[in-house]
Each structure stands twice: as structure tokens, then as C-alpha cells.
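Below is one structure, written out as C-alpha cells; the observations come after it.
Lettering follows sequence order; numbering is per chain, from 1. For clarity, every value in this text was computed on a predicted model and none was experimentally measured.
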There are 2 protein chains.
Amino acid sequence: MATIQDVAKLAGLSRTTVSRVINDHPYVAEEKKRLVTKAMEELNYVPNSSAQRLRKQATETIAVYVPRITNPFFSQLVESMENAAAQKGYQLILCQTRYKKKQELFYLELLRTKQVDGLVLTSIENNWDDIKPYLAYGPIVLCNEYSDEAEVPVIHLDQVEGGYIGTKHLISQGYKRIGYCSGNHKSSRVAGDRRIGYLKAMKEAGLPVYPEWYYDSAYSVSDGMRIFSIIESQDNKPDSVFTGSDEVAAGIAKAAKKAGWRVPDDLAIIGFDNQPLAELMDLTTVEQPIDTIGRLAMEKMIEEILSKRPQRRKRTELPLKIIQRSST
Amino acid sequence: MATIQDVAKLAGLSRTTVSRVINDHPYVAEEKKRLVTKAMEELNYVPNSSAQRLRKQATETIAVYVPRITNPFFSQLVESMENAAAQKGYQLILCQTRYKKKQELFYLELLRTKQVDGLVLTSIENNWDDIKPYLAYGPIVLCNEYSDEAEVPVIHLDQVEGGYIGTKHLISQGYKRIGYCSGNHKSSRVAGDRRIGYLKAMKEAGLPVYPEWYYDSAYSVSDGMRIFSIIESQDNKPDSVFTGSDEVAAGIAKAAKKAGWRVPDDLAIIGFDNQPLAELMDLTTVEQPIDTIGRLAMEKMIEEILSKRPQRRKRTELPLKIIQRSST
DNA sequence: TTGTAGGCGTTATCAA
DNA sequence: TTGATAACGCCTACAA
């Protein structure tokens, strides 16, 4: 492996001059620049990035936290972040927290050991108090999930509004017995706010909210199928359900059809996200501008890294909208 | 930020001894070890990984190449690889090639600049001749996609068999006019072998293969919908189609039902992968053990990194099986 | 416009 | 069992 020294020797110049050429510094004579470039090519030289990192105290690498990459919401988020990062010459380290506090803490060490310049969290497992100390080692940006205590930039969606317009939509279609599914992450603002929006819409319309119409642990298609079987067995059945995700909605729709129910006549269903799945299953859903928040979060992250100032709280909240299909 | 020097000073010992403790070397007196550990805790010390990388010439990081992470096949592959890597203390850098040669070449530089210890490729955009030179900088393992020229370990699925059993299944159900969808990557062995399996089954059964029943550029749900509209407009229509993926199959099924066709009576459809989607849409499909190949590939990668020997060709081929549902 | 030299934080070699 | 010292490869004052 050729080093900067080898290049310098071959070009008949000093390491300094070679370094200047590599880093595009001013005050290098055109002729020497050519000499260096030629030597670099001849030796098939590339700067060793471990050495650069050590010297510059920067890695040009960002860690992205997701619960699981197979969740389509998060894979889309990661795709848009990777695009934005690559464009600015940054790499992404993928960290799957698997919904576990311990796994999240494990990955936080990446920042402390200087393996990455910053962290983008799309979900939060631990209390903010346990994450906060890591701010001493580099910037953190929240994307999607949020927290009131966190004094960092947050790019997220207006989940109160999401819950509200989704529920309102059902109400406007004449449904009155509206059930609610939730992922039930105790500390999740996303889930909490969405529920606030739902309750607000229900209250405004003077509709009742029964505890038996609250279905929790709803994440996946199979959770949706399980929830349908609960609904099927209930005496006091809802006539429609607000779900937290297209997967859950799809699972309910699938199980309902299988049981001979008509959607939306016997049960209306509204999803969340507008995944390809929603179109396939003809689900009305609440669309989230996933690519946009991913890109904005990554751009913000890089801005934070470059402007070495201490971080400040800054909320960017994006709107949501209903996509109507045949499930409502 | 505390350095090893600070720890040494506080413990009243040399850097060497501290380093020995960090790296669990023998010949450190228990008492000094305690002293060092205490000093490390007091200073909240962690070794700087950039310095370790430079010194050890290793990064404990692996780059994983996928075309796009939003493709569920690849996100599942990445999930299983990340699990396997994390278990052995390795990180993953996510590289989306976006089906582009140039992007793939761009990311190959990660290996040359020593940002990663090795590469796992799940798809191949460039000719092997253009990738081969990078073997000089570290190990490469192929997972899913393969190539005959590549003298590296390959973990893949028996795609000939996949095409064969999928087609055979249709034949056994009485279909005779069997269409074929393909992603049409010229150089892809996955696509090529699968087609070989299809042709083999057709030939054995003495069934005709018409060029107009070959549908290319089939990757996504919307490609499937496009393909259905082609089928609909054809005079000589197939009675069934073998698709390269559940997404394409789902798209065809969706468009067919919308147009009032019955599946499988008017058109039978077989998918590939056994994604959650396949269950939702009731698609018969060819199941691939994605998690297994992901894990095996990552374990092989780490083995290659540790055993600094030159790489050798080694094929690991896993079987596939039919999952029957109502689309055939 | 170019070069000298020191240091980023570790670890490995050698000597004690 | 411990320590001094020299790399690893690069960048950047500072001096010329």
C-alpha cells in the first residue's frame, strides 16, 4: 500500500505538498500539482482514511438508528437518508435497536468511541436522560420520533393532526363506532400524539370511546389478523378502525375478507403511511412525507456536524394528508 | 476527551500497561489491572477507535451492497446480516448501488481507502473484471447474486431449481400457456438461471414458449400492473405467469382483479420470495431462505477477514420450496 | 510557493 | 511484569 511518503518521493516533493494537492489547498504551483497527480496515479495511491480520521478527528460517517430495517416505514426513511448522505460524501452505519433499550445503548457507544460523527434516531427506546450524556461526544438529530426534553433538532410529522384527520375522515363517512389500534410504546410521542388526535376528533363529534375498542401491540400484518379475530368475537363491535400502520390495516382487511366480512360495509379500515401495500390492498390511509423528513434530517445532521456549535432545540413539523381508497 | 495517556498518568503507570489492560493481554498484575480499570472509569475513558484502526489496520466494519434497501428482499437480507455482524462486534455500512455501475464503483473505494475490512455484495452491477482488482484490498463475499468468474465465497440459492419448480408447479396444476416475467438484468446469474429452470420445465412438458410471453423490466408492483395491461391487450394470451418476485405478482394480481379477471381461473400467478405481501395477496410463491443466506454470508465474511489467507472460490447453494396459495 | 517537524491516540517491539 | 520508544499515515503550524 502506497503512502503519502511514497508519492512524495516519486514526485520529488515533500509530504506537505502532496497533502496540499490531496486537500485542494491554494498555493501549489500547477506544475507540481501535475507531478503529484501523476505520482499518485502511478502508485495507485489513495489516502488512508483511518489516518485521516485520526488526524482530523472526524469520520464522515453517521449512525442511523431504526428499530428494524424490514419495517417498510423505516427502510424508506433509511433509503432517503442514505441518498442524502451519499450526496454529501457521508457514509451510514445501520443500527437496528430491535426495540431494545440495551441494543440502543450499545450503539450509542459508536459516538463515544468516535466511530461516527453524529447520530440520527428514528425511534427512542431509552429515557432521554440516558441518551443525553452522549451529546457531549457529538450531535444527535431526531427524525420521526420526538421528545420534549431533547434539546436537539427534531424533524417530525404532526401526529396529533394525523390521528385527528384520520378519525375525522371516518366520522365524515358516517362511521360512529370507531376503534383504535396502537403500537403501544409507552414513551412514544408518535403513538401518544396520534391518540390525542383521535380522542380530540371523537370528542368534537360527541362519539363514545370504549376501552374494548382500544387494541394494542399492533405493529405487523399478523397483529392485524389477531386484532380482527378479537373484533369478531366482541359483542360490542366497532364499525370501523383507525390503525397505526398500513401493515396492521392490511392484516385486519385480509382477515375480515377471509371471514366473509365486507370492507368497508361491515368494517371500515384506515391505514397509516401510504406504503405500496396500501395501494395494493385498496386501503384509505394517512400519507406521511417519509422521503422528505429523511432528507431534511440528514441535511440537518450534516449541518450540525460542520457548524461545531452546541446543539439547539429546533422543531420542524411536516403536515400529513388523507389518501382515500375503498376501505372507508 | 481522556486519552490513554491521561489514564496512565492517573493510574501512575505507563501507556503500555494501560493498553495491555484494554486488550486483555497476559502479564499484568491483578493489582495494576484494578488501578487501571479504576482510572478508566474515573475519567470515563474509551479507546479512540480511529487511532485503533490506524494502528491495527482493521476497522471491524463491513460494507453491504444492495440495489435499494426498500426492496423487501434486500431489507430482509440486510436485517439478517446486521444481526449476525452485531453479534460478532462488527458494524455495517449500508451501500445502495441504485442499480448503477457508477454508484457501485464509488462504493468500492471504501475498501481501497480502508474504511471497511470487507464487502458483501448482494447484487452485481459491473463486470467482474472491474471488481476483481479490489480483492487486493480485502475480502469480498457474494450473497444471492453470483458469477462464475469470481474466485470468492458465494452463498446463493439454486435459481435454476427455483425457476424449474415454480414452472413445474404451474404445469402440474394444468396450465399450458405459461408466461414469464424477468427483471432482465443482462448479466445477472440469478435471473439467467431462473429462466433456464423455466425453459427446462417447459421443454420437459413439451410446452411452447412464445417471445410475446416474455415480459421484461419487471421489478415492482407497478411493473406488475403494467405487465397485466400488456397481457390484457394480447391476442395470444398466457393462462398463467411465472414472476420473478412477489411484488410483480401482486401487481399483476391487483390489476387483473380490478379488470374483472378471476385469479387463478382467468390467469394464474406465481410469485417469488414469500414476502409478507404474498400471504396478504394469497399468492402461491417460491420461498427463499433469506435469513439463512444473509447469516451465512456474514459469518463467512468475518471468517475471511480473520483468516488473512487469500480468498478461494466456494459455493454454498441452498434449496427453495413452493408455498401454495390460491393464486394457482 | 515549498519544506520541516510535531502530534493525532494506539499498539508492538524490545529491553530492563 | 513493566516501561521507553517507534511506528501506523496523515495534516498543519511555522519557518524559509
Side-chain angles (χ1 to χ4, degrees), chain A residues 1-37 39-40 43-61 109-117 137-138 308, chain B residues 1-37 39-40 43-61 109-117 137-138 308:
Chain A
M1 282 282 47
T3 73
I4 200 172
Q5 183 66 279
D6 302 329
V7 176
K9 195 185 290 175
L10 182 62
L13 293 161
S14 72
R15 289 180 313 189
T16 313
T17 307
V18 176
S19 175
R20 288 217 177 86
V21 173
I22 294 170
N23 295 286
D24 248 347
H25 278 198
Y27 304 127
V28 184
E30 274 307 319
E31 194 200 324
K32 318 260 167 174
K33 197 181 279 184
R34 260 199 313 281
L35 243 51
V36 169
T37 313
M40 292 201 299
L43 293 170
N44 192 19
Y45 168 83
V46 235
N48 178 310
S49 75
S50 299
Q52 288 182 314
R53 286 173 178 224
L54 177 56
R55 181 60 234 238
K56 296 188 180 163
Q57 303 282 40
T59 65
E60 312 216 309
T61 305
E109 291 298 311
L110 288 178
L111 191 58
R112 200 153 80 102
T113 57
K114 301 256 175 269
Q115 312 220 39
V116 298
D117 293 340
Y137 309 109
K308 317 215 155 188
Chain B
M1 282 281 44
T3 73
I4 199 171
Q5 182 67 280
D6 302 329
V7 176
K9 195 185 289 175
L10 182 61
L13 293 161
S14 72
R15 288 181 317 199
T16 312
T17 306
V18 177
S19 174
R20 286 214 179 88
V21 173
I22 294 169
N23 294 285
D24 247 347
H25 278 197
Y27 305 126
V28 184
E30 275 308 320
E31 193 202 327
K32 319 261 165 169
K33 197 181 278 186
R34 259 200 313 283
L35 244 49
V36 169
T37 314
M40 291 200 300
L43 294 169
N44 191 20
Y45 167 81
V46 234
N48 178 310
S49 75
S50 298
Q52 289 183 314
R53 285 173 178 224
L54 176 58
R55 184 59 236 229
K56 295 188 180 165
Q57 304 283 38
T59 65
E60 312 215 309
T61 305
E109 292 297 312
L110 289 178
L111 190 58
R112 201 153 80 101
T113 57
K114 301 257 174 269
Q115 313 220 36
V116 298
D117 293 340
Y137 309 108
K308 317 216 156 187

Whether [X] contacts [N] is assessed here as follows: a side-chain N or O lying under 4.0 Å from the phosphate OP1 or OP2. Is that the case?
| X | N | result |
| --- | --- | --- |
| B:Q5 | C:dG9 | no |
| A:Y27 | C:dG3 | no |
| A:N23 | D:dC11 | yes |

Any donor-acceptor N/O pair under 3.5 Å between D:dA7 base and B:R55 side chain: yes
When rounded to the nearest 0.5 angstrom, what is the spacing between CD in A:Q52 and CD1 in A:I22? 7.0 Å
Atom pair OG1/NZ of B:T3 and B:K9 - distance to nearest 0.5 Å: 8.5 Å
Do side-chain atoms of [X] reach the backbone of [Y] as a donor and acceptor pair under 3.5 angstrom?
| X | Y | answer |
| --- | --- | --- |
| B:S14 | B:T17 | yes |
| B:N48 | B:S50 | yes |
| B:T113 | B:E109 | yes |
| A:T61 | A:V116 | no |

Atom [atom1] of [X] to atom [atom2] of [N]: distance rounded to whole Å?
| X | N | atom1 | atom2 | answer |
| --- | --- | --- | --- | --- |
| B:Q115 | D:dG9 | CD | P | 16 Å |
| A:Q52 | D:dG9 | CD | P | 13 Å |
| A:Y45 | D:dG9 | OH | C1' | 7 Å |
| A:M40 | D:dC10 | CE | P | 11 Å |
| A:D24 | D:dC11 | CG | P | 12 Å |
| B:K56 | D:dG9 | NZ | P | 16 Å |
| B:E31 | D:dT1 | CD | P | 13 Å |
| B:M1 | C:dC8 | CE | C1' | 14 Å |

Under 4.0 Å, counting only non-hydrogen atoms across every strand here, what does [X] touch: a base, just sugar-phosphate, or nothing?
| X | result |
| --- | --- |
| A:R15 | base |
| B:R20 | base |
| B:V21 | nothing |
| B:T16 | base |

According to side-chain hydrogen bond (donor to acceptor under 3.5 Å, both in side chains), who are the partners of A:N44, at least two apart in sequence or on a separate chain? B:R112, B:Y137
Looking at the side chain of [X], which of [options] is the nearest nucleotide?
| X | options | value |
| --- | --- | --- |
| A:H25 | C:dG9, D:dT12, D:dG3 | D:dT12 |
| B:S19 | C:dT11, D:dG9, D:dG3 | C:dT11 |
| B:T17 | D:dT2, C:dT10, C:dG3 | D:dT2 |
| B:V28 | C:dT2, D:dG9, D:dT2 | D:dT2 |

Where do B:M1 and B:D6 come nearest, in terms of heavy atoms and distance? O-OD2, 3.9 Å
Hey, which of these two, A:Q57 or A:K32, hits DNA chain C nearer its 5' end, going by closest nucleotide? A:K32
Rounding to the nearest 10°, end axes of the helix from C:dT1-D:dA16 to C:dA16-D:dT1 built from five pairs each make an angle of 40°
